[in-house]
Number of protein chains: 2
Amino acid sequence: MPRPRAFDEESVLDNAMNIFWSKGFEATSIQDLVNETGLNRASMYASFGDKKALFLRVLDHYSQKISAERFADLRNIEDGRAAIEKTFRDAAKTGTAEGRHKGCLMVNSGMELAPHDPETAAIAHQAFRRAEDTFAAALNRAVDQGKISKGKNVRALARFLAGSFQGVQLMSRRGADQETLQDYCETILDALD
Amino acid sequence: MPRPRAFDEESVLDNAMNIFWSKGFEATSIQDLVNETGLNRASMYASFGDKKALFLRVLDHYSQKISAERFADLRNIEDGRAAIEKTFRDAAKTGTAEGRHKGCLMVNSGMELAPHDPETAAIAHQAFRRAEDTFAAALNRAVDQGKISKGKNVRALARFLAGSFQGVQLMSRRGADQETLQDYCETILDALD
DNA sequence: TGAGTTATAGAACATTCGTTCCAAAGTGTG
DNA sequence: CACACTTTGGAACGAATGTTCTATAACTCA
């Protein structure tokens, strides 16, 4: 009955995500989104609501697609300590890859908007908590496996790792050189000893 | 001969700094600056140039006034290890103080603008290097004083501390709770052992 | 006191912003 | 084929953006 959509919602979100990721919320204009997604203004507003609503959809999309992938090894590698180490080393590697100085959309958005936008603040906070819990789970595995001393305060260590992981994203976006980022990561991992 | 200025350049920079610090570059409008500084548009443009030029002046002002103060103890406390510990604990304390979730203007600006603005990127990079060197100096003092093991890689540790200090600012701006931030800081300091 | 100089106040500029509206286009069902 | 319905393209909206202009005010030095 109705005219069918000429676009794929998922790929529109992908494109919108990349613009927000690269430029941030404020610096991204509706015109940018129209240009890059190929989607018409009217269709954008009809399908996603206003700029802010689209942005929140994008944050969710990012969580499910990018964040999930970044933490996949941390969840799936059985050896808890190896899982943590690979997670950081991968982040350091992709963080210094050419033309990929975008950091993490969740961290970027938290920094840009959290102080004045409770909605984004809550999402960023929740994402941090999830990361913290995922690190805690890996740490508990590592303790059980005898790869990390039983004497460690797992919760504090998990918070440290989650915070430091954000730090890696931060330094990556700021364009830190590979050597600095590697030193940073390796010293973080030394905290596991 | 000329009509004298009705404003104090320093206090205008102070006010402008606080707006940029709180809202970021993009979200701060000229109107905001006019309202908050009390300075007229024409006078702003005559004295500081356009928005970007004013922003760069503000970054410099921040470096001299706020950054310098934040790193004063790190430079001045003779005991290198105590200097480092106090620097982090103070940052964690002020970072969770009510209504002070602004983080660090240098970190914020690097995150927001570095990927697309080489000028800001260079300034943020230089600020990081300065912090790294200041931490390295304190670490060297601590090693000489026998407060930190001789076996440590001071350069890597300095990079770690500088990166982690940015992380504290990040978490503070994102509105992390006090307990999380304390755990984060204490674990960072454990790396000195 | 008046000439010279610069700051001030605020109107005015073109452009871009986010958003809405409307007519045309495309689909499946009666 | 025509109806009901939704998407599409693009014009149009007012408000806000960064910036400039003009006229007036305030001061110092001759």
Side-chain angles (χ1 to χ4, degrees), chain A residues 1-59 61 105 108-109 112-113 116-120, chain B residues 1-59 61 105 108-109 112-113 116-120:
Chain A
M1 334 151 156
R3 174 173 178 175
R5 293 191 158 172
F7 65 93
D8 170 31
E9 194 157 294
E10 169 109 354
S11 81
V12 166
L13 283 175
D14 265 348
N15 290 328
M17 176 183 77
N18 282 322
I19 312 173
F20 280 127
W21 195 354
S22 167
K23 307 180 68 168
F25 178 78
E26 292 288 351
T28 297
S29 69
I30 300 286
Q31 191 59 49
D32 289 335
L33 294 163
V34 167
N35 293 341
E36 223 62 30
T37 62
L39 189 51
N40 191 274
R41 296 173 113 75
S43 304
M44 260 197 63
Y45 277 87
S47 312
F48 300 100
D50 63 10
K51 186 187 178 187
K52 178 75 185 301
L54 170 59
F55 179 72
L56 293 176
R57 283 286 305 272
V58 160
L59 278 188
H61 185 68
L105 176 60
N108 301 351
S109 305
E112 183 185 359
L113 303 176
H116 299 95
D117 174 22
E119 230 165 342
T120 305
Chain B
M1 335 150 154
R3 175 175 176 175
R5 294 190 156 173
F7 66 93
D8 170 30
E9 193 158 296
E10 171 107 355
S11 81
V12 167
L13 282 175
D14 265 348
N15 289 329
M17 176 184 77
N18 281 323
I19 313 174
F20 279 127
W21 193 354
S22 166
K23 308 181 67 168
F25 178 78
E26 293 287 352
T28 297
S29 69
I30 300 286
Q31 191 58 50
D32 290 334
L33 294 163
V34 167
N35 293 342
E36 223 62 30
T37 61
L39 189 51
N40 190 272
R41 297 173 114 74
S43 304
M44 261 197 62
Y45 277 86
S47 311
F48 299 99
D50 62 11
K51 187 185 175 187
K52 178 74 184 304
L54 170 59
F55 179 71
L56 293 176
R57 282 287 303 273
V58 161
L59 278 189
H61 185 67
L105 176 60
N108 301 351
S109 303
E112 183 184 0
L113 303 175
H116 299 96
D117 174 22
E119 229 164 343
T120 304

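To find a chain, count down the sequence lines: A is the first, B the second, and so on, and within it residues start at 1. Computation of the quantities below employed the complete heavy-atom set of this structure, encompassing side-chain atoms and omitting hydrogens, waters and symmetry-equivalent molecules. Quick caveat: nothing in here was measured; it's all calculated off a predicted structure.
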(request) Verify, without hydrogens or angle tests, whether B/Lys23 (side chain) and A/His116 (backbone) share a donor-acceptor contact under 3.5 angstrom. (result)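 Checked: no pair found.
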(message) Using modelled atom types and a 3.5 Å cut-off, is there a donor and acceptor pairing between side-chain atoms of A/Glu112 and backbone atoms of B/Gly24?
(response)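 Absent.
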Nearest whole angstrom, please: distance from the [atom2] of [N] to the [atom1] of [X].
X	N	atom1	atom2	result
A/Arg5	C/dG28	CZ	C1'	17 Å
B/Met44	C/dA9	CE	C1'	15 Å
B/Phe7	C/dA7	CZ	P	8 Å
A/Arg41	D/dA11	CZ	P	11 Å
B/Asn40	D/dA26	CG	C1'	15 Å

(message) How long is the straight-line distance from OG1 of B/Thr37 back to CD1 of B/Ile19, given to the nearest 0.5 Å?
(response)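 That separation rounds to 6.5 Å.
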(request) Working to the nearest 0.5 Å, report the span between CG of A/Leu33 and CG of A/Asn15. (result)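 Result: 10.0 Å between the selected atoms.
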(message) Go through it in stages, so that I can follow the logic: the residues are A/Leu13 and A/Phe48, the test is side-chain contact (heavy atoms from CB on, under 4.5 Å), and I'd like the CA-CA distance, side-chain angles, deciding distance and then a yes or no.
(response) CA-CA 10 Å; A/Leu13 283 175; A/Phe48 300 100; 4.0 Å; yes
(message) side-chain contact (heavy atoms from CB on, under 4.5 Å), that's the test. Do A/Asn40 and A/Phe7 meet it? Break it down for me.
(response) CA-CA 10 Å; A/Asn40 191 274; A/Phe7 65 93; over 6 Å; no
(message) Base, sugar-phosphate or nothing for A/Ala42? Non-hydrogen atoms, less than 4.0 Å.
(response)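 Contact class for A/Ala42: base.
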(message) Could you tell me if A/Lys52 sits above the aromatic ring of A/Phe25, with its cationic atom closer than 6.0 Å to the ring centre and no more than 45 degrees from the axis?
(response)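 Judged by the rule (NZ or CZ under 6.0 Å from the ring centre, within 45° of its axis), A/Lys52 is not positioned above A/Phe25.
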(message) Under 3.5 Å, is there a donor on one side chain and an acceptor on the other for B/Asp14 and B/Ser11?
(response)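 No pair is found: no donor N or O on one side chain lies under 3.5 Å from an acceptor on the other.
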(message) Check this one for me: any side-chain N or O of B/Ser43 less than 4.0 Å away from OP1 or OP2 of C/dT8?
(response)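 The answer is yes; a side-chain N or O of B/Ser43 sits under 4.0 Å from OP1 or OP2.
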(message) D/dC5, OP1 or OP2 - any side-chain N/O from A/Arg3 closer than 4.0 Å?
(response)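 So the side chain of A/Arg3 is outside the cut-off, no N or O lying under 4.0 Å from OP1 or OP2 of D/dC5.
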(request) Name every residue in residues 24-31 of chain B that has at least one heavy atom under 4.0 Å from any atom of DNA chain C, in order of residue number, or write none if there are no such residues. (result)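 Within residues 24-31 of chain B, no residue comes under 4.0 Å of DNA chain C.
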(request) Could you list by number each residue of residues 45-59 of chain B showing a heavy-atom separation from DNA chain C of less than 4.0 Å, or answer none if no residue does? (result)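 None - not one residue of the stretch has a heavy atom sitting under 4.0 Å from the strand.
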(message) I'd like to know if A/Arg57 pairs up with A/Glu9 as an ion pair, taking the criterion as any Lys NZ or Arg NE/NH1/NH2 lying under 4.0 Å from an Asp or Glu carboxylate oxygen.
(response)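 Counted as a salt bridge, because a side-chain N and a carboxylate O are separated by less than 4.0 Å.
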